[in-house]
Amino acid sequence: MAAVAAGKKPPGKIRASARSQSRWIRGPADERAVRNGCRFNERLATYVCDWFAANLCHTKGQWRGEPFVPNDWQREQFFSPLFGWVRDDGTRRFRRSYVELPKKNYKSTMAAGIGLYMLAGDEEPGAEIWSLGGDKNQARVVHDDAVTMADESPKLAAVLKINRSTFNISYPATNSYYRAVSAAPRGKHGPSLHCAIADELHEWYGDELWRSIRYGFRARRQPLLLVITNAGDNLQSLCYRQREKAKAILDGTSYDDDFFALILSASREEAEAEIEAVKAGSCELPIARRCNPGLGHVIQERDLLQDIRDAIQTPSELPNLLRLTYGVWDTAVSPWLSIPAWEKCGADFSEADLEGAECHEALDLSLTGDMSAVARVFPVEREDGRTSYRQLVHFWIPEKTVEERKHLLDYRVWEQAGWLTIVPGAVIEYSLIREALAAGHEKFKVLSFRYDPMYGADTAQWVTEHYPDCEVIKFPQTLMTFAGPTAEYERLVLGGRLEHNRNALLTWQAGHCKVWTDSNRNKRPVKPKPNDIRSIDGIVAGVMGLSGAWAPPEPPSAYETDEDTPTVFCVEDLMEEEESGQLSVVSGQSPPESAETGVSAEEGPQDSSATDHGPRTADGRARKARTGRKAKAAAADPPPPESKVAAAAIETLAGGQKIECTATAYRRTIRDALERYALRLSDAGRSEECSAVLAEVRRLDGLFGD
């Protein structure tokens, strides 16, 4: 073991006064840790940095082959505090960590070095080290760096063994190993981990693996879970939850002696101000320098300046610049409604003024202790021939929630004004909401009722039974469903045509409501995390209600052809024939020769026989073959869903024709397929085709009431 150590590892346990620790006390969390008996061991911190210099070398760029000597910022902000702090029994203080750095600051190299140190330098018998990633390729990024380091280090190469087929690194002296593992949770519950390195946590989907490895450290005296990542853009992700915990510790609003936090980032305002300064001719980058300790070493300042100038010229690159250079999260989540425009939409009307008027109703129902809201949207014909809309929104919240949050928000003011009903107990009794719905149906002419099928199915059934003349429509909480009415809601607010009766609770929600925007500018409201006081239930219900009152425009004319009778796949007939593999086609004109279907012939319908719907002529087969070959050559990626019914629908749409199908076929098969297809097109950068697919989804939604 001495062959891979910079001298003998010093003992962890030390005696030192609290005053002697002052240099390493950098916040309230460290002050509290000292009060709890933790101390900083200078010798141990020095040993780890010296171990890196003695055994590791750089593997990339101009420093390849040179010893990995931690520079000042790496020593002071990362390695020394992470490994130097110990508990009163001499074991490491930090067992979990969150390290967020902008891109190109040697995150992967540092993480790979830690993996090798935990394998061969930490003197842990039977150590099990994992590099984790969102997929196998991501997990291999850090691990491959470790393999190269081990290969190019004479000391490590002499004592470590690398399996060239699995790239497993083993250390026979302590019967330890280091391997790359993807984030798929299957088979990850058994190991007794000494160290797990979670790379780019912002790219992980789901948290099942995270939950499973939490308990894999229990048999170790001083394990380490190292999270090392860039900033992300999903505020609902596992990564953002870990970031919030880390930030609370750094801010002194939360305490956890086991948790190491390092975040180098700027606020959006700071970053945007610096970008504006560069736009005005400045060459100074103090904010970027604060966020990027590798600036001038790994990253050249002139290159970063050029990146900023390029992003200024290409605004679509600004979100990536903010996220990857300045560590700004929520770059894909934007503040939505203009509050000055919203305030101008305030009008003097009441329920009595709208009595007997036609409206469309929507329910945003909470699951447990949060708010629920019912919105009613009334179309109003104006003298200029245009349509305006008035919205009435009422809210419910459990009394227990009000009491728990009374130090944060005064719900009683909204109750006294009549906007909110505070329900006794810990949850909202849905019978109270149904009573309010019944009163509304007596007072107004409710034409339709929209609901979230996840939670509102029982209430929807109640409406169907009691008010058969009211059309009851599911409103799935998806981007595709929200895109049209969300855009229209915003447009109407900006145009002063979506009036509200100065509902203070609704106005409060409008002030902090944000939307998720995809690459094609489709939007949907983003609900805050559970237990966040900043609810948006009334706005969501208003958007849902507007979707009934507002008539969406017809799909773009790109769907129409100059031919008299376009070819249309009879999807309703395919439902029965799917299992046997038979697909039927209406005979008629072929898709335009210039159309790029985005679907290969192999992935679409494959029946070449005549059917009851009309024969396939040789010319028809030839035209279809040409279309398939062009599609395959033009865009084999993204692939369509596996279902042949869905493939037939997608090929029809991609050929420039409308989809004809039954409501059953649409709900069972086609809608989800089109939504996935649109996302694949968006990911592939094919925004026009993605928009066409979304337009067809909205048309079919309107046709079938989905």
Side-chain angles (χ1 to χ4, degrees), residues 26-27 61-62 71-74 76-78 98-108 110 200 202-203 228-235 239-240 243-244 246-248 250-252 261-341 490 494 511-519 521 523 526 685:
R26 295 173 178 182
Q62 58 184 309
N71 57 33
D72 290 345
W73 88 262
Q74 290 170 334
E76 294 293 314
Q77 296 188 59
F78 185 50
Y98 180 86
V99 178
E100 181 185 300
L101 303 172
K103 200 171 183 63
K104 300 303 179 185
N105 280 284
Y106 264 144
K107 293 189 306 297
S108 297
M110 293 190 299
E200 302 297 11
H202 73 280
E203 295 183 357
I228 191 157
T229 186
N230 296 136
D233 57 11
N234 182 0
L235 301 188
C239 186
Y240 193 73
R243 186 188 201 270
E244 285 198 313
K247 193 171 187 307
L250 292 172
D251 292 342
L262 175 62
I263 300 175
L264 298 184
S265 67
S267 68
R268 178 188 288 270
E269 293 74 19
E270 290 175 316
E272 290 179 343
E274 184 161 281
I275 292 169
E276 284 298 316
V278 171
K279 185 177 181 180
S282 174
C283 294
E284 299 298 322
L285 300 174
I287 305 300
R289 186 175 296 282
R290 189 185 78 201
C291 301
N292 295 268
L295 192 60
H297 182 65
V298 181
I299 311 168
Q300 297 305 311
E301 193 161 321
R302 62 177 179 276
D303 295 334
L304 181 54
L305 265 172
Q306 188 57 50
D307 288 344
I308 295 173
R309 290 166 181 153
D310 290 345
I312 291 170
Q313 296 299 318
T314 311
S316 61
E317 287 299 317
L318 280 172
N320 283 335
L321 178 72
L322 289 169
R323 184 170 66 86
L324 299 176
T325 300
Y326 292 96
V328 177
W329 277 73
D330 78 344
T331 54
V333 179
S334 309
W336 184 32
L337 297 172
S338 163
I339 293 305
E490 180 181 17
L494 292 174
H512 57 245
C513 182
K514 294 186 177 182
V515 292
W516 175 270
T517 306
D518 72 3
S519 59
R521 298 185 180 179
K523 299 176 180 178
V526 178

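From a predicted model like this one, the values you see are computed outputs, not experimental measurements.
- Side chains of Leu262 and Gln77 form a contact here, defined as non-hydrogen atoms less than 4.5 Å apart.
- Considering only heavy atoms from C-beta on, Ile299 comes within 4.5 Å of Asn105 through its side chain.
- Taking each heavy atom of Ser338 and Leu494 in turn, the nearest pair found is CB-CD2, 4.0 Å.
- To the nearest 0.5 angstrom, Gln313 atom CD is 13.0 Å from Ile308 atom CD1.
- Here Arg323 contributes atom CZ and Leu318 contributes atom CG; the two are 13.5 Å apart, rounded to the nearest 0.5 Å.
- Here the straight-line distance linking atom OG of Ser265 with atom CZ of Arg290 works out to 7.5 Å at 0.5 Å rounding.
- You'll find the side chain of Leu321 stays beyond 4.5 Å of the side chain of Asp310, heavy atoms only.
- At a cut-off of 3.5 Å, with distance as the only test, no side-chain donor of Gln74 or Tyr106 sits close to an acceptor on the other residue.
- Pro102 approaches Leu264 most closely through the heavy-atom pair CD-O, 3.4 Å.
- Ion pair Glu274/Arg289 not flagged as a salt bridge, since none of the NZ, NE, NH1 or NH2 atoms sits closer than 4.0 Å to an Asp/Glu carboxylate oxygen.
- The side-chain heavy atoms of Gln300 and Gln306, taken from C-beta on, include no pair separated by under 4.5 Å.
- Nearest approach of Ser282 to Glu284, heavy atoms of both residues: OG-N, 3.1 Å.
- Atom OH of Tyr326 is separated from atom CZ of Arg268 by 13.5 Å, given to the nearest 0.5 angstrom.
- Between the side chain of Asn292 and the backbone N or O of Thr325 there is at least one donor-acceptor pair closer than 3.5 Å.
- Rounding to the nearest 0.5 angstrom, the gap separating the CG atom in Asp303 from the CG atom in Leu295 is 9.5 Å.
- The side-chain hydrogen bond (donor to acceptor under 3.5 Å, both in side chains) test applied to Glu490 returns Trp336, Lys523, not counting sequence neighbours.
- Met110 has its side chain within reach of Leu101: a pair of non-hydrogen atoms, C-beta onward, lies under 4.5 Å apart.
- Residues Leu304 and Ala288 come closest through the heavy atom pair CD2-CB, 3.7 Å.
- Among all heavy-atom pairs drawn from Gly327 and Arg243, the shortest one is O-NH2, 3.9 Å.
- With rounding to the nearest 0.5 Å, the separation of CG in Leu285 from CG in Leu305 is 4.5 Å.
- Using a 4.5 Å cut-off on side-chain heavy atoms (C-beta onward), Leu250 and Tyr98 make no contact.
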Problem set entry | Check against side chain to side chain contact (heavy atoms under 4.5 Å, CB included), Lys107 and Glu200 | CA-CA 10 Å; Lys107 293 189 306 297; Glu200 302 297 11; 4.1 Å; yes
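- Put simply, the side chain of Glu276 reaches to within 4.5 Å of the side chain of Lys279, judged on heavy atoms.
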For this session: Kindly determine whether Glu203 and Thr229 satisfy side chain to side chain contact (heavy atoms under 4.5 Å, CB included), including the steps that lead there.
Result: CA-CA 9 Å; Glu203 295 183 357; Thr229 186; over 6 Å; no
